[in-house]
2 protein chains.
Amino acid sequence: MNPRPTMEDVAARARVSRALVSIVYRNAPGASDETRARVLAAGDALGYRPDHRARLLGSRQRTRLIGVAFDVRYPFHGDLVEALYPAAEALGYNLTLSAVTGSRRESAAAQSLLDYRCESLILLGPTSPPAALTALADSQPTVVIARKLRASGVHVVRTDDAAGSRLAVEHLLSLGHTQIAHVDGVRAPGAAERRTAYVQTMRRAGRAPVIIPGGPTESAGTEAARRLPRNITAVAAFNDACAIGLLHTLRASGRRVPEEVSIIGYDDSTPSRLDHIQLSTIAQNAHGLAAAALDLATCVDRSPQEVVISPDLVRRKT
Amino acid sequence: MNPRPTMEDVAARARVSRALVSIVYRNAPGASDETRARVLAAGDALGYRPDHRARLLGSRQRTRLIGVAFDVRYPFHGDLVEALYPAAEALGYNLTLSAVTGSRRESAAAQSLLDYRCESLILLGPTSPPAALTALADSQPTVVIARKLRASGVHVVRTDDAAGSRLAVEHLLSLGHTQIAHVDGVRAPGAAERRTAYVQTMRRAGRAPVIIPGGPTESAGTEAARRLPRNITAVAAFNDACAIGLLHTLRASGRRVPEEVSIIGYDDSTPSRLDHIQLSTIAQNAHGLAAAALDLATCVDRSPQEVVISPDLVRRKT
DNA sequence: GCTCGTGACTAGAGCGCTCTAGTCGAGTCG
DNA sequence: CGACTCGACTAGAGCGCTCTAGTCACGAGC
């Protein structure tokens, strides 16, 4: 519980000036290797760690801090956060997180990031209206991940949902299926792109599209299973949760998956990887999204743009 | 993209000193209501927001900042974070998050929190060895949530697992079941307490305990389902994931839940609430845990202690 | 009338850093 | 040999705040 050592303490112990300690800890040129080692040794002995806040205050413009607003309720946001950390580190940036929860609104999360003087903001699947996002982007670069939108001044990084949907359908076609249904995401983000791509891919293959209303949840999948025509042998679901609900309900009603019905999900979420599920799915490339987002976040004065990342097919057992 | 206004700008606009602006924004005594309004108006007009960093640097001892290290992969950590925000706000504290991920170790997360000069640390279900936690607690109050451990200097807030397990078994007994099995968590945290309480409660009720090896995952539940004796009519599972694996496998093999077999989980996780699952379970009281953790985190110079929160039975459909 | 208290406000020194503008000594070169 | 350059290092201002120690005006109390 003793007060933390400061640069002054390290400087005194290493018998150099405070400024030199700063040089050493910033890895800046202007210190001999010998002194560098001595300063570092003194710092270690005292358990010194630079004060991040003071560091930011002192450095004139660049804070090398990026704020990330994410929703604790979405596992995919967790995957993105995980991918963002190494991507930020590679560029010499630090991440500050702010959570969106059931009771903490996105605007509050974003404002608290601004209080920390983040250089730029990365918002994961934000639900704020475009105007609010534009307002945020007015004061610093703002990158939106995983939401398709046109808000002026905002960078957008997202997965190519049309390509993903096409990938799913082509996979099922290549397996020899002809009666392929799509369980729709209805109004969920991305649902329209996935539905349209499904229809187009089916038409191009000379097959009749069958669309079943669904949604982004397991219960939507459960519901969709009840409406599934008996002649259907393969289903491309809106997302993994929906596919899993469908899977369980189909199995419970005696239909064998994948023997009788093939199912493909979308997201490559954690549940899809579980032993007893092993859902084939379309993976959003979290690392690709993260890298692109950081690239945009760190380039100041770049005109707002949209980066679309291709998804990948993950073949598992359904 | 224009530089953010500072206190100086607000002071100039309101025609007062910088110090007075500080007084107003801190809600400290020493300014007339009239001036207060004028300063606030000037701040609003400029879009001024105090710099959190500078604020903390300036304020001598207390930073009113609490660092939270959580694991993005655990939904329950999300619930805890959600509960921590309002609890912190109520005490006038701010939260800084740092994520533990597959590739970012707990120690890195904790260190980055220290760089931000957090007054205290709250670690959710840490996996670090007790010695590492004691070392952390040496420099500031440290609270561990959801892990039973004896590390000197560290506060612990956790759920009463014995009581939870007892609650689960008593619930099943009260439903008239006599052949109740426990699917064990083996080496998972809390498994020993839950197992012991199960055995004790069964003995006290004059029933023979049946323990089936399992684990904390869905696949463990799937495995346990295969080993489940046919005469068992109720199962208290180690946790929800295990219970859900068990549930699906049992249903797939034709046994009806809850008609033929009752299942109770543990955690009240999000999947347990899903429409087609509706798992009865034992809820860890996230708000209670959060409040207790903040209480401990904010009281400096309090001797390390352990707070045990009672869990609740959530009756659903299994 | 003079002290004293009080509320409203300000000056200025930090907080722990970064960064610019130096100093200082050793080597280079014409 | 004096004018340079160059690497190693230091002094000190400044980042945007907070906070202590004032100042100043005004009214109460003796």
Side-chain angles (χ1 to χ4, degrees), chain A residues 2-40 42-43 46-65 92 94 114-119 139, chain B residues 2-40 42-43 46-65 92 94 114-119 139:
Chain A
N2 37 352
R4 300 176 56 131
T6 75
M7 223 168 221
E8 195 78 57
D9 302 325
V10 178
R13 186 176 235 265
R15 311 187 151 279
V16 294
S17 69
R18 231 179 49 252
L20 190 52
V21 178
S22 171
I23 286 171
V24 170
Y25 273 88
R26 274 179 296 134
N27 244 319
S32 67
D33 288 351
E34 191 191 347
T35 332
R36 219 170 266 275
R38 188 154 46 92
V39 168
L40 253 18
L46 294 171
Y48 172 73
R49 294 212 110 217
D51 186 323
H52 208 248
R53 286 168 299 132
R55 186 164 237 182
L56 298 188
L57 238 198
S59 60
R60 305 268 174 261
Q61 320 111 21
R62 320 279 326 245
T63 64
R64 306 201 82 79
L65 230 206
N94 274 292
L114 291 184
D115 292 349
Y116 287 95
R117 291 293 189 272
C118 291
E119 238 177 80
S139 45
Chain B
N2 37 352
R4 301 176 55 133
T6 76
M7 224 169 220
E8 195 78 58
D9 302 325
V10 178
R13 186 176 234 265
R15 310 187 154 278
V16 293
S17 70
R18 232 179 48 252
L20 191 52
V21 178
S22 171
I23 287 172
V24 170
Y25 273 89
R26 275 178 296 135
N27 245 316
S32 66
D33 289 351
E34 191 191 346
T35 330
R36 219 170 266 276
R38 189 153 46 90
V39 169
L40 253 17
L46 294 171
Y48 171 74
R49 294 211 109 216
D51 186 322
H52 208 249
R53 286 281 136 65
R55 184 165 239 182
L56 298 188
L57 236 198
S59 62
R60 305 269 176 259
Q61 320 112 23
R62 322 278 327 242
T63 63
R64 305 201 82 79
L65 230 204
N94 274 294
L114 291 185
D115 292 349
Y116 287 97
R117 291 293 189 275
C118 292
E119 237 176 82
S139 47

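Since the structure is predicted, the reported quantities are computational estimates derived from the model, not experimental observations. Throughout, a chain's letter reflects where its sequence line sits, starting with A, and its residues are numbered from 1. Heavy atoms only: backbone and side chains are in, while hydrogens, waters and symmetry mates are out.
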Taking only residues two or more places apart in sequence or in another chain, which ones pass salt bridge (charged side-chain N to carboxylate O under 4.0 Å, His left out) with B:Arg26?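 Checked B:Arg26 against salt bridge (charged side-chain N to carboxylate O under 4.0 Å, His left out); zero matches.
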Over how many whole Å does the gap from [X] atom [atom1] to [N] atom [atom2] extend?
| X | N | atom1 | atom2 | value |
| --- | --- | --- | --- | --- |
| A:Tyr116 | D:dC15 | OH | P | 23 Å |
| A:Asp51 | D:dC15 | CG | C1' | 13 Å |
| A:Leu20 | D:dA11 | CG | P | 11 Å |
| B:Leu56 | D:dC17 | CG | C1' | 10 Å |
| B:Asp115 | C:dC17 | CG | P | 10 Å |
| A:His52 | D:dC15 | NE2 | C1' | 15 Å |
| B:Arg18 | C:dG12 | CZ | C1' | 8 Å |
| A:Ile23 | C:dG16 | CD1 | P | 20 Å |

Of all residues at least two apart in sequence or in a different chain, which pass the side chain to side chain donor-acceptor pair (under 3.5 Å) check with B:Asp51?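 Result, side chain to side chain donor-acceptor pair (under 3.5 Å) vs B:Asp51: A:Arg117.
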Requested in this report: Quick one: label A:Arg53 by what it contacts on the DNA or RNA (base, sugar-phosphate, nothing), any heavy atom closer than 4.0 Å.
Outcome: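 Here A:Arg53 touches no strand at all.
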Remember a base hit wins even if backbone is also touched, and classify B:Thr6 as base, sugar-phosphate or nothing at under 4.0 Å, heavy atoms. sugar-phosphate
Heavy-atom closest pair (A:Pro50 atom, A:Tyr25 atom, distance to 0.1 Å) is CG-CD2, 3.9 Å
- [ ] Can you see which heavy atom on B:Ala31 is nearest to which on B:Ile23, and at what distance?
- [x]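 Shortest heavy-atom separation between B:Ala31 and B:Ile23 comes out as CB-CG2, 4.0 Å.
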**Asked** Taking the six-membered ring for Trp, are B:Tyr116 and A:Tyr116 ring centroids under 6.0 Å apart?
**Response**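 No, ring centres 6.0 Å or more apart.
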When rounded to the nearest 0.5 angstrom, what is the spacing between [atom1] in [X] and [atom2] in [Y]?
| X | Y | atom1 | atom2 | answer |
| --- | --- | --- | --- | --- |
| A:Leu40 | A:Tyr48 | CG | OH | 11.0 Å |
| A:Glu119 | A:Asn94 | CD | CG | 11.0 Å |
| B:Arg4 | A:Leu114 | CZ | CG | 5.5 Å |
| A:Arg53 | B:His52 | CZ | NE2 | 9.5 Å |

inquiry  = With a cut-off of less than 4.0 Å, is there a side-chain N or O of A:Ser22 near OP1 or OP2 of C:dT18?
reply    =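 A:Ser22 to C:dT18 OP1/OP2: side-chain N or O found under 4.0 Å.
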Note to self: If you compare every side-chain N and O of B:Arg117 against the phosphate oxygens of C:dC17 (OP1, OP2), does one of them come in below 4.0 Å?
What the structure shows: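 Checking C:dC17 against B:Arg117, a side-chain N or O does come within under 4.0 Å of OP1 or OP2.
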Contact check, residues 25-39 of chain A vs DNA chain D, heavy-atom distance under 4.0 Å, returns A:Gly30, A:Ala31, A:Ser32, A:Thr35
Note: contacts of residues 8-16 of chain A with DNA chain D (heavy atom, under 4.0 Å) are A:Val16
Taking the side chain of [X] as heavy atoms from C-beta outward, which of [options] is closest to it?
| X | options | value |
| --- | --- | --- |
| B:Tyr48 | D:dC15, D:dC17, D:dT18 | D:dC17 |
| B:Ala19 | C:dG16, C:dG12, D:dC17 | C:dG12 |
| B:Arg55 | D:dT18, C:dG12, C:dT18 | D:dT18 |
| A:Met7 | C:dG16, C:dC17, C:dT10 | C:dC17 |

Please set out all donor-acceptor pairs under 3.5 angstrom arising from side-chain atoms of residues 7-21 of chain A, sequence neighbours excluded.
unit_1, atom_1, unit_2, atom_2, d
A:Asp9, OD2, A:Thr6, N, 2.8
A:Ser17, OG, A:Leu20, N, 3.3

Margin query: How bent is the helix from C:dG1-D:dC30 to C:dG30-D:dC1, measuring the angle between the end axes built from five pairs each, rounded to 10°?
Written below: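 The angle, to the nearest 10 degrees, is 60°.
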